[in-house]
Amino acid sequence: MTATRSLSFKLYPSPAQAAALARKHLMLKDLWNAALEERIGAWRHSQTRVSRSDQEKALKEIRFSLEGWRGLVHTHEAQVVLKRLDLAFQAFFRRLRAGETPGFPRFKSAERFRGWGYKEHGNGFRVEMRDGGRHGHATLFGIGRMRMRGVARTPGRVIKADVTRTVHGWMLNVVVETGCAERAPAEGQAVGLDWGVSTFATLAHEDGAFEELPNPRHWDLEADDLKAEQRRLSSAARARKISRRALRKHRRALARRHAKIAARRKDFLHKTSARIVGRHRLIATEALAVRNMTGSARGTAEAPGRNVAQKAGLNRSILDTAPAGFLNMLRYKAEEAGAEFFEAKTRELKPSQRCPDCGAVRKKTLAQRHHDCNCGCRLGRDEAAALVLLRWGLAESRRRQNAETINPAGTVGDQAAA
């Protein structure tokens with residue numbers, strides 16, 4: 001069995017290589033915009049849809065007609081840009097058919113165009129990692145060989161890569177294919193995990209103990225200072241009291257501060273998920289619909305929403321914990337460690353409304369932080385939800401084991417068919 005993993009390395013180009021990367025970046029940004037304009041113009045003038053294959057066929061003419069394109073832009077780099085545009089249109093039409101907010105593909109400025117990709121290792125790019133996957137060198141078409149720094153936690157065979165421009169410089173994101181060896185089942189207690197905002201997570205252990213993981217609130221720690229700095233910057237720009245060069249400098253400084261907050265958040269999620277997976281053989285939690293949880297309360301002009309400001313603040317607090325990223329880390333780390341991982345469907349199990357002892361379901365508002373049931377169960381709201389998830393996860397594990405015992409290799413179904 002094999003699995004794919006993504007590795008990130010920072011590139012260290014020379015001044016000449018950095019200038020070449022910037023030129024390549026602008027050329028591929030212009031390609032995106034030109035391809036988008038072609039699709040829009042064809043539909044407006046003749047109701048004709050331009051396909052990706054049509055645009056890819058024109059790359060040969062572009063390569064010979066545009067000055068500076070040959071020797072700097074690889075065919076695969078351009079094809080990946082056109083593929084991403086095509087995927088953006090596919091997503092637009094899918095959302096349109098589903099009745100959702102469609103979100104038409106946008107033209108990109110240099111700041112909004114993040115980068116490009118490569119489809120095959122050795123064709124446009126090459127990665128040379130040192131022993132153990134620490135640091136190494138990368139060679140890009142039209143740029144040359146340059147140093148890269150980073151640590152590959154799971155090194156493997158390089159498949160493809162993306163180059164992105166961030167506030168910290170140029171990054172190379174490499175996708176590798178690694179083998180999955182047979183792993184012994186993980187050890188430790190089973191645990192039920194209830195994610196939250198006031199407390200990042202509440203754990204219900206198999207021995208009856210509860211544990212709370214505090215919410216570090218990375219954004220809240222710097223929100224007031226960042227907002228004040230942004231207002232000062234916007235005011236100076238409107239009043240033209242600041243030069244363009246100084247404005248770019250301040251914007252980069254703000255972007256670096258936001259990137260540091262994101263890095264601290266990601267570091268916290270990785271360490272927390274690794275610690276939970278390393279201590280437990282079974283983890284049960286609920287599947288979170290983050291998009292539904294962070295929906296706007298604004299409403300419509302005919303039926304305006306209530307408590308809009310409070311809901312906006314709650315949405316920021318939810319997104320600050322990155323629940324979807326946290327569950328994804330738990331999921332793949334549990335798979336690597338050989339631990340069982342179960343996600344309950346919230347609307348079916350209703351862990352926040354259900355009593356862990358008698359199973360009765362009683363609706364609670366977000367303001368109700370304690371669970372008091374007629375059966376005598378008295379717990380904190382999050383503790384009760386974590387305990388519901390733990391007991392559900394243990395039942396699911398037993399059900400799965402019984403199914404494997406009864407039908408280990410499809411023999412029952414084969415006999416029935418015979």
Side-chain angles (χ1 to χ4, degrees), residues 4 6 29 31-56 79-109 112-117 119 160 162 164 173 175 195-197 262 269 285-332 341-353 363 366:
T4 56
S6 179
K29 180 265 297 183
L31 175 65
W32 170 284
N33 291 336
L36 177 56
E37 177 63 31
E38 182 186 21
R39 289 189 178 219
I40 295 173
W43 181 257
R44 282 177 177 173
H45 290 102
S46 60
Q47 303 289 296
T48 302
R49 287 189 178 181
V50 180
S51 67
R52 186 180 76 178
S53 61
D54 294 333
Q55 294 184 321
E56 287 181 347
Q79 288 175 350
V80 169
V81 170
L82 296 178
K83 180 181 179 181
R84 290 176 179 176
L85 178 62
D86 188 61
L87 290 174
F89 270 99
Q90 291 180 27
F92 165 76
F93 288 116
R94 183 182 67 249
R95 291 189 293 266
L96 199 63
R97 288 191 296 268
E100 303 172 359
T101 303
F104 193 80
R106 300 174 60 173
F107 290 98
K108 303 278 189 179
S109 64
R112 287 186 173 272
F113 186 75
R114 294 196 62 193
W116 59 91
K119 300 191 292 185
K160 56 185 179 179
D162 291 330
T164 57
N173 304 311
V175 177
W195 166 88
V197 174
L269 296 178
T285 186
E286 61 180 320
L288 300 174
V290 180
R291 178 175 295 181
N292 297 339
M293 292 161 52
T294 56
S296 173
R298 187 173 293 111
T300 62
E302 296 77 14
R306 295 179 296 175
N307 302 324
V308 177
Q310 294 89 329
K311 185 62 169 69
L314 176 61
N315 289 350
R316 281 193 294 269
S317 298
I318 291 172
L319 295 174
D320 189 30
T321 62
F326 176 62
L327 289 187
N328 184 51
M329 291 179 187
L330 279 177
R331 191 180 300 112
Y332 79 75
F341 183 77
F342 296 99
E343 288 182 276
K345 294 182 179 179
T346 303
R347 292 189 177 182
E348 294 181 5
L349 185 62
K350 300 180 179 178
S352 296
Q353 318 293 339
K363 187 173 180 60
L366 286 175

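In what follows, residues are counted from 1 in the order of the sequence shown.
Between Phe107 and Glu37, the shortest heavy-atom contact is CZ-OE1, 3.4 Å. Across all non-hydrogen atoms, the minimal contact from Glu38 to Gln55 is OE1-NE2, 3.0 Å. Taking both residues in full, the closest heavy atoms of Leu330 and Phe341 are given as CB-CE1, 3.8 Å, listed atom of the first, atom of the second, then distance. Here the closest non-hydrogen pair linking Pro102 and Phe92 is CB-CE1, 3.3 Å. Closest non-hydrogen pair, Ala344 versus Leu349, comes out as CB-CD2, 3.5 Å. Closest approach of Pro323 and Leu288 over heavy atoms only: CB-CD1, 3.7 Å.
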Without placing hydrogens or testing angles, list every side-chain donor-acceptor pair under 3.5 Å for residues 80-88, not counting sequence neighbours.
from, atom 1, to, atom 2, distance (Å)
Arg84, NH1, Gly115, O, 3.3
Arg84, NH2, Asp162, OD1, 2.9
Asp86, OD1, Arg39, NH2, 3.2
Asp86, OD2, Gln90, NE2, 2.8

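Not one N or O on the side chain of Thr346 forms a donor-acceptor pair closer than 3.5 Å with the backbone of Pro351.
Within a 6.0 Å sphere centred on NZ of Lys350, heavy atoms belonging to other residues, nucleotides or ligands number 12 at most. Heavy-atom neighbours of Arg95 CZ from other residues, nucleotides or ligands within 6.0 Å: above the threshold of 12. Summarising the local packing, NZ of Lys160 is surrounded by 12 or fewer heavy atoms from other residues, nucleotides or ligands at distances under 6.0 Å.
Note that the CZ atom of Arg52 and the CD atom of Gln79 stand 8.5 Å from one another [nearest 0.5 Å]. Atom CD of residue Glu286 and atom CG of residue Leu327 lie 8.5 Å apart, to the nearest 0.5 angstrom.
Within the 4.5 Å cutoff, side-chain heavy atoms of Phe104 are placed close to those of Ile40. At least one side-chain heavy atom of Gln353 sits under 4.5 Å from a side-chain heavy atom of Lys363. Side-chain contact between Phe89 and Val50 is absent, with no heavy-atom pair separated by less than 4.5 Å. At a threshold of 4.5 Å between non-hydrogen side-chain atoms, the residues Ile318 and Trp195 count as touching.
With sequence neighbours left out, the side chain to side chain contact (heavy atoms under 4.5 Å, CB included) criterion links Arg114 to Thr164. In terms of the side chain to side chain contact (heavy atoms under 4.5 Å, CB included) criterion, residue partners of Ala324 (sequence neighbours excluded) are, by chain and number, Val290.
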